[in-house]
Amino acid sequence: MIPFVPLDYETLRLIWWLLLGVLLIGFAIMDGFDLGVGALLPFVARNDDERRIVINSIGPVWEGNQVWLILGGGAIFAAWPTLYAISFSGFYLAMMVILIAIILRPVGFKYRSKLADPRWRETWDWALFVGGFIPALIFGVAVGNVLRGVPFRFDDSLRPFYEGGFFGLLMPFALLAGLVSLSMLVAHGASMVMLKTSGAIFERARIYGSYAALATIVLFALGGVWVALGLEGYVVTSLQDVAGPSNPLAKTVVRQSGAWIANYGAHPWMIIAPMLGFLGSAIALLAYARRLAGLAFIGTAAAITGIISTAGLSLFPFLLPSSLDPNASLTVWDASSSHLTLWIMLLATLIFLPIVLVYTGFVYRVMRGKVTTEGLGRNPNAY
């Protein structure tokens, strides 16, 4: 019997599944606009002054925004250790590409203005572009591969084995998911550029944001049709002990066409998620046309929430399906840490997550307002 744990194991597993989704959405919204701004940098800014304005629109906050990535990775490590082991080792090369791209961001921010040489600065500008474009694309490719199924299995002693390769991840559906991710984050980044700039930069961001929001609607719809009509999903056909010890092999799973939309038939309220994805992008598109930067940001944030929630609700209760051995697929009920571990982590989260939120809100309040060339000239700490 677990002492001092008022919540049962099933409830704690469900809470941590929800928290994982919240952290992933938080990362996509908070650090997502940093990635989107980086991907837009060479296109919305045409000279050195304009590029400094765009860079400094996220300069004071990008480091803090990466806390959400650390929180998400930490949550997977502590709450879903088997998921962490398989996904981070199986996607090792993809993770390294993302890591290298993300490392380019702080180096680019810090070194770009060290020399006045235009070639030096242009090189770092393209490094910042890579640091935004590549992660935004590959994160979506990873989600697409999760929906397709990942080539891993367990032996009799529950040792995991991944039998895929980097280029095997670049399948058509996964690339489509990557484009959905890229377009929604570029649209989100464009709304942030509009919030923080004015004049020609504002107008270019508005135009690119409109294209990205429209692309998000079209690509998300195409992905939905593909999932419904052409992509096999996974179904648990045996009884699962939702409060039992974690053992991924203690169930039977089969692949079925249309399985990823079955939850929407069983629970019609879930349709809110894809509707929010489309509605948020449509609101952003309207806001771009009306030059309403704040509404565009709300719309793109809502679209991100809806699109990520759609993937999570479609997969439930699966966390990581296995294409090699469907029975080895990881679910919410058989891949978690212990009952006591989840409870202790929940208590820590209830203490520290509000602190992160309050501090983040304080920082954004202090750093509010437009970025201008004159303001950069008065600020010795500007990039």
Side-chain angles (χ1 to χ4, degrees), residues 26-74 94-139 182 185-186 188-198 201-202 204-205 208 356 359-383:
F27 165 69
I29 291 176
M30 301 305 296
D31 202 33
F33 68 71
D34 293 334
L35 301 178
V37 170
L40 284 169
L41 177 61
F43 309 103
V44 298
R46 303 291 173 82
N47 56 51
D48 187 65
D49 285 341
E50 290 183 348
R51 290 182 178 179
R52 287 194 68 207
I53 288 173
V54 172
I55 289 170
N56 282 277
S57 69
I58 58 173
V61 298
W62 70 269
E63 287 179 290
N65 290 339
Q66 291 194 142
V67 168
W68 291 94
L69 178 61
I70 298 169
L71 288 174
M95 293 289 184
M96 286 302 299
V97 171
I98 291 174
L99 181 61
I100 292 170
I102 289 178
I103 288 173
L104 287 175
R105 286 201 295 169
V107 177
F109 283 129
K110 301 297 184 182
Y111 279 86
R112 181 191 183 276
S113 296
K114 295 296 183 181
L115 297 177
D117 185 350
R119 290 177 298 178
W120 170 269
R121 294 190 172 187
E122 184 176 0
T123 298
W124 288 115
D125 289 339
W126 282 104
L128 290 171
F129 165 78
V130 171
F133 180 91
I134 295 298
L137 179 68
I138 294 184
F139 282 132
L182 177 63
L185 295 184
V186 167
H188 195 45
S191 68
M192 174 55 67
V193 174
M194 289 173 63
L195 279 170
K196 301 294 290 184
T197 66
S198 58
I201 303 174
F202 180 100
R204 295 187 198 112
Y208 282 111
V356 172
Y359 178 74
T360 300
F362 171 76
V363 169
Y364 276 86
R365 178 173 175 78
V366 171
M367 299 298 177
R368 69 188 183 278
K370 301 282 187 179
V371 180
T372 63
T373 303
E374 293 76 15
L376 295 179
R378 296 191 299 268
N379 183 3
N381 298 314
Y383 292 125

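- For Lys196 (side chain) and Val371 (main-chain N/O), no donor-acceptor pair under 3.5 Å exists by modelled atom type.
- Relative orientation of the Trp126 and Phe43 rings is perpendicular, given thresholds of 30° and 60° on the angle between their planes.
- At most 12 non-hydrogen atoms from other residues, nucleotides or ligands lie less than 6.0 angstrom from OH of Tyr111.
- Contact of the Phe33 side chain with the Asn65 side chain is registered, since non-hydrogen atoms from C-beta on lie closer than 4.5 Å.
- Panel note: side chain Arg368, backbone Arg365; a donor-acceptor pair is recorded below 3.5 Å.
- When all heavy atoms of Gly32 and Leu185 are compared, the pair lying nearest together is CA-CD2, 3.8 Å.
- Taken to the nearest 0.5 Å, the CZ atom of Phe202 stands 8.5 Å off from the CG atom of Leu195.
- Across Met192 and Ile58, no two heavy atoms sit closer than the pair CG-CG2, 4.3 Å.
- Two residues are said to be in side-chain contact when any heavy atoms from C-beta on lie closer than 4.5 Å; Tyr208 and Val186 fail this criterion.
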Please tabulate, for side-chain N and O atoms in residues 127-136, each donor-acceptor pair with protein atoms closer than 3.5 Å (sequence neighbours left out).
none

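- For residues 123-134, every residue pair satisfying the salt bridge (charged side-chain N to carboxylate O under 4.0 Å, His left out) rule, not counting sequence neighbours, is listed here: Arg51-Asp125, Arg112-Asp125.
- Applying the salt bridge (charged side-chain N to carboxylate O under 4.0 Å, His left out) definition to pairs two or more places apart or across chains, none involves residues 61-70.
- Rounding to the nearest 0.5 Å places CG of Asp48 at 8.0 Å from CD1 of Ile55.
- Counting heavy atoms from C-beta outward, Leu69 and Ile102 have side chains that approach closer than 4.5 Å.
- Evaluation of the side chain to side chain donor-acceptor pair (under 3.5 Å) test over residues 98-110, restricted to residues two or more places apart or in two chains, returns Asp31-Arg105, Gln66-Arg105, Lys110-Tyr383.
- Within 6.0 Å of the OH atom in Tyr359, the count of heavy atoms belonging to other residues, nucleotides or ligands does not exceed 12.
- The OG atom of Ser57 sits 9.0 Å away from atom CG of Leu41, with the distance rounded to the nearest 0.5 Å.
- Using modelled atom types, one side-chain atom of Asn47 and one backbone atom of Glu50 make a donor-acceptor pair closer than 3.5 Å.
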Inset, instruction - Would you sort out whether Lys370 and Thr197 count as a side-chain contact (heavy atoms from CB on, under 4.5 Å), showing the intermediate values? - result: CA-CA 5 Å; Lys370 301 282 187 179; Thr197 66; 5.6 Å; no
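- Between Lys114 and Trp124 the shortest side-chain heavy-atom distance does not fall below 4.5 Å.
- Closest heavy-atom contact between Ser113 and Arg52: OG-NE, 4.3 Å.
- The main-chain N or O of Ile29 is found under 3.5 Å from a side-chain atom of His188 such that the two form a donor-acceptor pair.
- For the residue pair Leu40 and Gly189, the shortest heavy atom distance occurs at CD1-C, 4.0 Å.
- Checked against a 6.0 Å centroid threshold, the rings of Phe139 and Phe27 count as neighbours.
- Remark: Ile103 engages Leu99, Val107 in a side-chain contact (heavy atoms from CB on, under 4.5 Å) (not counting sequence neighbours).
- Shown here are the side-chain contact (heavy atoms from CB on, under 4.5 Å) partners of Leu115, two or more places apart in sequence or in another chain: Trp120.
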